[in-house]
Amino acid sequence: MQTAQAHHAKQVYPSDRGLHLEFETHEQALAFYQDGFSRGIAYDIEGVTVIKLFKTQ
C-alpha cells in the first residue's frame with residue numbers, strides 16, 4: 001500500500017505568472033512537481049520554486 005506524502009512549501013506567493021510555491025530544497029520541489037504531474041496538474045519548476053501557472057484569457 002502506498003502512503004500519501006505531505007509537501008510543505010517554505011513560502012507561497014503570487015506573481016503575474018501564477019502561484020509560486022518555494023521549497024527548502026530542489027529535491028522537495030521536484031517531488032511536489034512530480035506528484036502534481038502524476039495527477040495531471042501542469043506546473044513549471046525553477047530551482048526550488050514550483051509555479052502553478054494562471055490560465056491565460
In this structure, would Leu19 and Ile45 fall into the same cluster of hydrophobic residues linked by side-chain contacts under 4.5 Å? yes
The single option from Gln11, His8, His7 that satisfies side-chain contact (heavy atoms from CB on, under 4.5 Å) with Phe23 is His7
Specify the closest pair of heavy atoms between His20 and Ser15, including all atoms of both residues, with the distance to one decimal. NE2-OG, 2.6 Å
Would you tabulate the side-chain donor-acceptor contacts of residues 25-32 under 3.5 Å, counting partners in other chains and residues two or more places apart, or write 'none'?
unit_1, atom_1, unit_2, atom_2, d
Thr25, OG1, Gln28, N, 3.1
His26, ND1, Gly47, O, 2.7
Gln28, OE1, Glu24, N, 3.1
Gln28, OE1, Thr25, N, 3.3

Non-hydrogen side-chain atoms of Thr49 and Tyr13 separated by less than 4.5 Å: yes
Under the rule for side-chain hydrogen bond (donor to acceptor under 3.5 Å, both in side chains), what residues qualify as partners of Lys10, not counting sequence neighbours? Glu22
Assigning hydrophobic clusters by single linkage (Ile, Leu, Val, Met, Phe, Trp, Tyr; side-chain heavy-atom cutoff under 4.5 Å), is Val12 placed with Phe54? no
May I ask you to list the residues sharing a hydrophobic cluster with Leu53, side-chain cutoff 4.5 Å, ordered by chain and number? Ile51
